[in-house]
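Data first, discussion second: the structure below is written as structure tokens.
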Amino acid sequence: MKKVAIIGGLRIPFVKSFKDYNHISNQEMLTTCLNALVARYQLSGKRLGEVALGALLNRSTEWNFARECVLGTALDPHTPAYNLTRACGTSLDATIQLGLRIACGQIETAIAGGSDTNSDIPLLLRQQLAWKLTDLRSAKTLGQRLKILAAIRLKDLKPVYPSIVEPRTGLSMGQHTEKMVKEWGITREEQDALAYQSHMNAAKAYADGFFNDLVIEFKGVKKDTIIRGDTTPAKLAALKPAFDFSGHGTLTAGNSTLYTDGASALLMASEEYAQQQNWPVQAHLVDAETAAVDYVNGEGLLMAPTYAVARMLKRNHLKLQDFDVYEIHEAFCGQVLCTLKAWEDAAYCKKLGWDTPLGSIDRSKLNTKGGSVAIGHPFAATGTRILAQTAKILQERGSGRALVSICTAGGMGVTAILER
Ligand SMILES: CC(=O)SCCNC(=O)CCNC(=O)[C@H](O)C(C)(C)COP(=O)(O)OP(=O)(O)OC[C@H]1O[C@@H](n2cnc3c(N)ncnc32)[C@H](O)[C@@H]1OP(=O)(O)O
């Protein structure tokens, strides 16, 4: 197996939805990231082995989204590309799939990436109207057409908005997380403290220039807009619950990810190819694991990373404490805290196949440059956002091992180990 090198990643600023990137398409956002990678690594006219990209809120007419993005760049048009989605784990999964192909020697270099926007969403027609319009297309006579048109009702015209509600439970991600934090006894104060830390870490990373080469200007926006260096524990404590209005809700706009628009991409290569190109290697992708939970029958929706990490640690003969960097996607601060608490719980860890608890992590190593609550979470873009950040942290450290973990809708988890 060849060593899989992460060369570097970048992204456009992540912004609060319905504001700066109104009506900007996923394709434009992601193509911008690809073109920036092309310029940075002199890829103009070069054929890459493969490109894997994803967007969750994409139009059905953009069925060849990834290839269209590639054709919008200065890459050699002989570069193949394919769409891939695994909810919020999309671009981490794209990196893993491409990494496997690099490791097997099938390809030498690749780009993974993702994009999502709530400000240019694909609205759908109601199914009743869609069927009527399909029938209209195949109607043979004027009479048949008039009959179909006459059957269209005003209520048929109401559009269908995509929603992040689990179809099998009817609950949103936030409502599921409210259930999880109640099960694990995670308090509002703990969630707000993690949110505060996320904002402080991100604001400090910006002040230190950490994001200078990770975030490129787009549409006049130079930096992420969700990060609040001026937030305070008191401001966070004053926010009202956003998902549970019974008086017992603890998730708020402050300790949850806000709806976000953005895109990110990551260049990878085999170790040998990176050397030939004189590309400094930031880190190596060492292993990865995915998992799923039975949330329909009671498991916590966003707890699948607990399983994935437990399996990945066993396979690599590692302990949870054998990491210098922990990058855990903050879908909600509550979900991160449930995950950490579950790893400390002996009975739960038995279920994960461990005789002893996985134990605690050193919290000072967690999301040290800010997590998704502060930076934002454009669903499919988060994976390569986290990987680019993690690889750079490892490069700056000079050595070390990082754990990357993302929970996803549908009760899945995507996790990976990076080393330098
Ligand atoms: C696997 C996964 O990743 S699952 C996750 C998938 N993602 C989701 O489910 C998205 C969840 N997010 C949401 O549903 C929405 O963004 C919500 C409900 C959290 C918040 O929506 P909104 O109410 O529109 O948020 P908004 O940005 O307006 O914030 C509400 C208030 O909180 C304030 N606020 C938000 N964050 C902070 C902060 N860190 N500090 C201080 N105040 C804050 C805002 O200023 C605003 O105050 P205002 O009403 O006085 O202007």
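Atoms within each ligand, like the ligands themselves, are counted from 1 in listed order. All figures in this text were calculated on a predicted structure; none of them were measured in a lab. Throughout, numbering of the chain's residues begins at 1 and tracks the sequence.
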Does the pair Glu62 and Gln27 meet the rule for a side chain to side chain contact (heavy atoms under 4.5 Å, CB included), with working shown? CA-CA 9 Å; Glu62 288 186 286; Gln27 200 173 312; 2.8 Å; yes
Please step through ring pair (Phe, Tyr, Trp, His ring centres under 6.0 Å) for the pair Trp354 and Tyr348, ending with a clear verdict. CA-CA 9 Å; Trp354 279 67; Tyr348 187 88; over 10 Å; no
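Within the set Arg228, His329, Lys235, the minimum heavy-atom distance to atom 35 (C) of ligand 1 is found for Arg228. Here atom 9 (O) of ligand 1 lies nearest to Ile164 when heavy atoms of Leu258, Ile164, Ile227, Thr382 are compared. The option from Lys16, Lys240, Glu330, His377 that lies nearest to atom 3 (O) of ligand 1, judged by heavy atoms, is His377. Compare Phe379, Tyr196, Phe18 by their heavy atoms: the one nearest to atom 6 (C) of ligand 1 is in Phe379.
Within a 4.0 Å radius of atom 24 (O) of ligand 1, the protein has no heavy atom. In this structure, atom 49 (O) of ligand 1 has no protein heavy-atom contact shorter than 4.0 Å. Using a 4.0 Å threshold on non-hydrogen atoms, atom 15 (C) of ligand 1 counts as touching the protein. Within a 4.0 Å radius of atom 12 (N) of ligand 1, the protein contributes one or more non-hydrogen atoms.
Taking a cut-off of under 4.0 Å to the non-hydrogen atoms of Leu236, the atoms of ligand 1 that pass are 38 (C), 39 (N), 40 (N). For ligand 1, the atoms lying closer than 4.0 Å to a non-hydrogen atom of Thr231 are 38 (C), 39 (N), 40 (N), 41 (C).
Distances shorter than 4.0 angstrom occur between a heavy atom of Phe332 and an atom of ligand 1. Using a 4.0 Å heavy-atom cutoff, Cys407 is listed among the residues neighbouring ligand 1.
For atom 4 (S) of ligand 1, the closest heavy atom belonging to the protein is Met173 CG, 3.5 Å. Of the protein's non-hydrogen atoms, the one nearest atom 10 (C) of ligand 1 is Thr257 O, 3.6 Å.
When non-hydrogen atoms are compared, ligand 1 lies under 4.0 Å from neither the backbone nor the side chain of Ile406. At a heavy-atom distance under 4.0 Å, only backbone atoms of Thr408 (N, CA, C or O) approach ligand 1. Contact annotation for Leu239 and ligand 1: only side-chain heavy atoms (C-beta onward) come within less than 4.0 Å of the ligand. Looking at Ala253 against ligand 1, both its backbone and its side chain come within 4.0 Å, counting heavy atoms.
With respect to Asp322 and Lys319, a salt bridge is recorded, a charged nitrogen being found less than 4.0 Å from a carboxylate O.
Among all heavy-atom pairs drawn from Arg59 and Ile121, the shortest one is NH2-O, 3.9 Å. In terms of heavy-atom proximity, Leu394 sits nearest to Ala283 at CD1-CB, 3.9 Å.
Ring-plane geometry between Phe379 and Tyr259 is classed as perpendicular, the angle between the planes exceeding 60 degrees on a 0 to 90 degree scale with a lower cut at 30. Using the six-membered ring where Trp is involved, His329 and His377 have ring planes that are tilted, between 30° and 60° apart.
Applying the side-chain hydrogen bond (donor to acceptor under 3.5 Å, both in side chains) rule to Lys182 yields the partners Glu178, Asp244; only residues at least two apart in sequence or on another chain are considered. For Ser17, the side-chain hydrogen bond (donor to acceptor under 3.5 Å, both in side chains) criterion is met by Asn118, Asp261, not counting sequence neighbours.
Between the side chain of Asn83 and the backbone N or O of Gly54, no donor-acceptor pair lies under 3.5 Å.
Around OH of Tyr161, the count of heavy atoms belonging to other residues, nucleotides or ligands within 6.0 Å does not exceed 12.
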